[in-house]
Number of protein chains: 2
Amino acid sequence: MTQPRKADGRKARGEKKRRAIVEATLRVIERDGISGVTHRSVAREAGVPTTAPTYYFATLDDLLIATLLWTAEAVCDDMLRIVASGGTAREIAEVIARSVDENRGRTLAEYELYLLAGRRPELRAAARRWLDLAVETVRPADPVAFRALLAAVDGLLIQGLIADVAPNGDELEPIVSFLIRGRDEFPAAPREQ
Amino acid sequence: MTQPRKADGRKARGEKKRRAIVEATLRVIERDGISGVTHRSVAREAGVPTTAPTYYFATLDDLLIATLLWTAEAVCDDMLRIVASGGTAREIAEVIARSVDENRGRTLAEYELYLLAGRRPELRAAARRWLDLAVETVRPADPVAFRALLAAVDGLLIQGLIADVAPNGDELEPIVSFLIRGRDEFPAAPREQ
DNA sequence: AAACTTGTGGAACAATCGTTCAACTAGTTT
DNA sequence: AAACTAGTTGAACGATTGTTCCACAAGTTT
């Protein structure tokens, strides 16, 4: 047979380990920031030998890039879920509140990677994928208002990260409501004419 | 005499050098990011011996903290100047456009320090001083709308940093206008009753 | 001028870093 | 089973790091 005898062959395990290393990297960034990412710290976090990250990623930079790409995907998934479930002001406010409280570390990591994209042109498309995806998915009737909303979400998140006490959904909801302007969900676009 | 003989005495020069080191640190962050900040890189940039930064700042961390505090002050000054000069949508849009184009490096540095504050509670007050100052200065009639504006400014800046081509004032102005809602300047607060 | 404080800067320390290397195991193909 | 390939690992490399130390120069006070 040319098929692998074991379902969990060499290749599959390799791919799994690769992802485990990326996940460990994200955890390190959540805990210590990008500056805390070293081959050794990632290896320790992932429970693999020191040389494993080097084996799977040519350089430390490649590892960070892979982590950003993976994180960007996750952000897009989250965003799509919000839109799919209606995208009311209340919901958006709650997501922001959770992002700066329970998921604070994760959000900090996301923004550190976001800024990394500011210095690496090849990462920018991935970093702003959620923005493009939001526009494509919602097809807003008022693009200007929608862009204002997307910008404000970023601002509320980053400002929430440096607040003494994280804002809760009740405080955030009026602001989001103001941005959605009377409607209680994303303004849907007119169908293609 | 107990007065120093020279106007430019030891203490004055020390203070000057201290500030030169902080300024050099900011330049390093603009160029290479926070991860590029080392005693040696800062010393090289400032044109002082390797041990000078250590002499003036107990630790590398202290140096970063001093740099953030200094930068935060500069941001506040900029913000006050915008408000003083009217704060029209056009003006705000232009400032954002310049921040992500000519002053791109500086803006990147500011946000890296911003995020640093997310991990250091003692820095948060300084990092969000411009926000508090904006509210105090403008005394907005509609606080919710104003907070939305401030959040959107942050978002437009950070999104501008990861754009393939930096947005210009013409593209940004409609968004800022939308946030100011018909008025062409910050809504002034009613005088104290 | 003597005593002091502050600033200056080279040498050197241990620690940690990214990365390379070579030996090795385990899975896959022929 | 022999040949091959992908994955695994510890040891070790040179480079760089933050920081300390100490001898000394400059400025200030008594």
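These numbers were taken from a predicted model, which means no experiment stands behind them. Each chain gets a letter, A, B and so on, in the order the sequences are listed, and its residues count up from 1.
Here D:dG27 presents its P atom at 14 Å from NZ of B:Lys16, a figure rounded to the nearest Å. C:dG7 atom C1' lies 5 Å from atom OH of B:Tyr55, rounded to whole Å. Rounded to an integer number of Å, the gap from CG of B:Leu63 to P of D:dT17 is 14 Å. Rounded to whole Å, atom P of D:dT20 lies 18 Å from atom OH of B:Tyr56. Here the P atom of nucleotide D:dA6 and the CZ atom of A:Arg18 are 14 Å apart, to the nearest Å.
Contact between A:Gly118 and B:Ile162 at its shortest, heavy atoms only, is N-CG2, 3.9 Å.
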Q) Base, backbone or nothing for each nucleotide of nucleotides 14-25 of chain C, written B, S, -, heavy atoms under 4.0 angstrom, 5' to 3'? A) ---BBBB-----

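With no hydrogens or angles considered, a side-chain donor-acceptor pair links A:Asp154 and A:Tyr111 at under 3.5 Å. When only modelled atom types and interatomic distance are considered, A:Thr54 and A:Thr51 share no side-chain donor-acceptor pair under 3.5 Å.
Salt bridge B:Arg19/B:Glu23: present, at least one basic N to carboxylate O contact under 4.0 Å. A salt bridge does not link B:Arg147 with A:Glu171: none of the charged nitrogens is closer than 4.0 Å to a carboxylate oxygen.
Both tests do not hold together for A:Arg139 against A:Phe146: distance to the six-membered ring centre under 6.0 Å, angle to the ring axis within 45°.
Across its full length, the helix from C:dA1-D:dT30 to C:dT30-D:dA1 shows an angle of 10° between the axes of its 5 terminal pairs at either end, rounded to 10 degrees.
Side-chain atoms of B:Thr107 come within 3.5 Å of backbone N or O of B:Ser99 as a donor-acceptor pair.
Side-chain N/O atoms of B:Lys17 include one lying less than 4.0 angstrom from OP1 or OP2 on C:dG9.
Counted within 6.0 Å of CZ on A:Arg31, heavy atoms from surrounding residues, nucleotides or ligands total more than 12; the atom is thus considered enclosed.
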